[in-house]
Amino acid sequence: MPLLRLPHTPYLPTSAPALANLLLSLSAARSLPKGQQLHAHLLKSGLLSSPATATRPLSNHLITFYARCGLPLLSRAAFDDSPSPRPAAAWSSLLASLAQNGLPLPAIAAFRSMLLVAVPPSDRSLPSAAKAAAALSSPSLARSLHALALKTPFAEDVFVVSSLVDMYAKSALLAEARRLFDLMPHRNVVSWSTIIYGYAEAGLDADALRLFKMALAELEPPGVNDFTYSCIIRVCSTATLLELGSSIHAHCFKTSFDSSPFVGSSLISLYSKCGLVEEAYELFDQMPDRNIGAWNAILIASAQHGHIHVAFHRFQEMKAAGFSPNFITFLCLLTACSHAGLVDEGKRYFALTSEYGIEPGAQHYAAMVDLLSRAGRITEAVAFIEEMPIEPTESVWGALITGCRIHKDADTAAYAATKLFETGSSSSGAHMLLSNAYAAAGRYADAAQARKAMRDRGVRKETGLSWLETAGKVHTFVSGDRRHPRSDEIYAVLEEVGERMEKAGYVPDTSQVLRDVGGEEKRAAIWYHSERLAIGLGFLVVPEGQPIRVMKNLRVCVDCHTAIKYLSKCTGRAIVLRDNNRFHRFEDGACSCGDYW
DNA sequence: TTAGGGTTAG
């Protein structure tokens, strides 16, 4: 680090290239005060426009210095200080600073100003403009920027086209993104990662995986990188593709990308989401380099698996390691508290956000409402919502309805549902939450009405699905499913165990069945819920001694939860069930969630 | 001076 004594220093270099180098090292060290003093000095001495290199005056280095310090407005001040007419490089630097630092609208405005003063768009300015457009997610802006790029000599430049692909993908124009990508004469690892990420974000897992395989085949060594890996591992974890994910893990190991904290974080998430929390812990403990994401990943892993005190302990360790908790860290902690019903701890963590300068977002409020209402403090939850400084979102009201269902408070549920619909939501979840809350309170007519309202609005209920992965194949079931080739065996084994369960004291709880029908019919309605069918297949195909791992897209119902406890007791099998919220590990008649979920 | 950006839950 060169020493710098400012402002009355005799030691400042006088040549422009040396001053440029000085700025470079100041930006690497994020040394803002010294950089600003240097800025003042350059202004006073009139050195600002001296060329540091053939194409870049010193003012450009200043713009970049402020960009690296995360201060786009000071970049703009430096730009404004530079004498007009500004060279194309000055515009590119300014655009990069605005686009990289979260100011997409000013970036687009600056791009327009650049065109107005007749500076032609280049391979340096177009990518930044596209990045800003991507952040704005505006299809019309995306199309016009693309049209503009086609008129330049850079329509096939790999930077320009990659940025346009990303822009289309983020503007809900994935098909356009793909068309552009397919036409690219030259694709590199960034282009591939961009399109894979686009498909992954859109939830098109199969396409993302196909593209990943194509990338492996097409790219010259060194091939894909840590970004591509973390992206595709995330696809495996949302789709709970454990076997595929593990084989990609092996690839990472061979290429040493597993030491990247980003790859490590997504692997932790993969193993945790697939139910292998011990593997997730081991991976974390062996990580050579941890970042905040890795800490958050391990926090959420322990929270999802009900290891609440592990999560709290990790939080202490994280702080001791010098990491400052962020927005997501607090979500992890509040989720952990919610899973265990720890209201006081949750309040403490919520209050702690301000100590770290974090403004709680809607998700934090939703987590608090979830915590309070699940714990039965419905009135307190309502009061909490009323005092929120921001507008309550769909998930805040949804959390309240869930709590109301558990505690059979149909009136508050109805109030929350009205509020929820006022937010303009049309998701099936909202209607189903309300309908279930009515059914739980025994108000079947209202429950039916809520479902009818949902149909009238043309909203379809999300189908409950459960699945089990075995020998690299995923078997999916819906309630009452008879499509599986081993269906007869599955039903037979469930019937057989069912008799033993009832002898052991299991009584079906049909209170969550919506229709007001007779007992036998209600029993049939729940006896073959999708998760039980998947577990039934598990009895047939998963070797003794290994846990049966089943995934479900919706929340597990009260009766299935009870039934699976009996299933584990009567068969001596461990059953791991992941619902849309958390993990349940059933063993010897008990569940790891402590019946609180 | 230019493109992808990772962890929450959904």
Side-chain angles (χ1 to χ4, degrees), chain A residues 52-53 55-57 59-61 63-65 67-68 75 79 87-97 99-100 121-131 134 154 157-167 169-170 177 181 184 187-198 200-201 203 224-234 237-238 260-270 272-273 284 290-301 303-304 326-336 361 363-364 366-367 370 394-395 398 427 429 462 553 580-582:
Chain A
T53 59
T55 51
R56 301 191 70 207
S59 54
N60 261 44
H61 290 269
I63 296 171
T64 305
F65 166 75
R68 299 219 173 119
S75 287
F79 176 87
W91 287 99
S92 305
S93 300
L94 172 67
L95 287 172
S97 181
Q100 286 164 4
S122 71
D123 55 339
R124 307 299 157 126
S125 55
L126 281 166
S128 291
K131 187 190 184 82
F154 309 105
D157 177 89
V158 68
F159 276 74
V160 171
V161 187
S162 296
S163 68
L164 292 175
V165 168
D166 184 52
M167 173 187 73
K170 291 192 173 133
F181 176 81
M184 285 178 82
R187 293 181 281 247
N188 63 15
V189 64
V190 175
S191 334
W192 277 104
S193 303
T194 302
I195 193 75
I196 293 171
Y197 184 80
E201 275 294 291
V224 299
N225 63 16
D226 52 345
F227 172 73
T228 333
Y229 277 124
S230 69
C231 183
I232 204 69
I233 292 168
R234 196 174 141 224
S237 65
T238 52
S260 146
F262 299 109
V263 172
S265 301
S266 39
L267 283 170
I268 288 170
S269 178
L270 167 76
S272 170
K273 283 193 176 136
F284 180 80
R290 298 176 188 136
N291 62 8
I292 180 79
W295 283 100
N296 286 340
I298 202 68
L299 281 180
I300 198 67
Q304 278 171 337
N326 67 9
F327 188 92
I328 292 168
T329 312
F330 283 103
L331 275 179
C332 300
L333 290 166
L334 293 175
T335 307
Q363 294 172 91
H364 296 95
D370 182 73
E394 178 182 349
S395 51
S427 79
E462 191 181 353
N553 65 338
N580 61 356
N581 191 35
R582 63 170 296 157

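Every heavy atom of this structure was used, including side-chain atoms; hydrogens, water molecules and symmetry mates were not. In the text below, chain A, chain B and the rest are named by the order of the sequence lines, each starting its count at 1. Everything numeric in this text was worked out from a predicted model, so none of it was measured.
Residue contacts for N326(A): at a heavy-atom cut-off of 4.0 Å it reaches no nucleic acid atom on any strand shown. Using a 4.0 Å heavy-atom distance criterion, L331(A) is classed as a base contact. Residue-level contact check: S163(A) touches the backbone only, with heavy atoms under 4.0 Å from sugar-phosphate atoms and none from bases. At the heavy-atom level, A89(A) lies under 4.0 Å from base atoms of the strands shown. Base contact: N188(A) has a heavy atom under 4.0 Å from a base atom. D123(A) comes within contact range of at least one nucleobase, with a heavy-atom separation under 4.0 Å. Across all strands shown, S230(A) has heavy atoms under 4.0 Å from base atoms, whether or not it also approaches the sugar-phosphate. Using a 4.0 Å heavy-atom distance criterion, Q100(A) is classed as a sugar-phosphate-only contact. Residue contacts shown for Y197(A) are limited to sugar-phosphate atoms, with no base heavy atom under 4.0 Å away. Using a 4.0 Å heavy-atom distance criterion, D370(A) is classed as making no nucleic acid contact.
P57(A) is listed as a side-chain neighbour of P87(A), based on a closest heavy-atom distance under 4.5 Å. Within the 4.5 Å cutoff, the side chain of R124(A) has no heavy atoms near those of the F159(A) side chain.
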Pair N326(A)-T329(A), side chain to side chain donor-acceptor pair (under 3.5 Å): steps then yes or no: CA-CA 5 Å; N326(A) 67 9; T329(A) 312; 2.9 Å; yes

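Between the OG atom of S122(A) and the CZ atom of F154(A) there is a distance of 5.5 Å, given to the nearest 0.5 Å.
For DNA chain B, the span of nucleotides reached by chain A at under 4.0 Å from its heavy atoms goes, 5' to 3', from dT1(B) to dG10(B).
Using bins of under 30°, 30° to 60° and over 60° for the plane-to-plane angle, the ring pair F284(A)/W295(A) lands in the perpendicular bin.
Residues passing the side chain to side chain contact (heavy atoms under 4.5 Å, CB included) test with D226(A), sequence neighbours excluded: F257(A), S260(A), V263(A).
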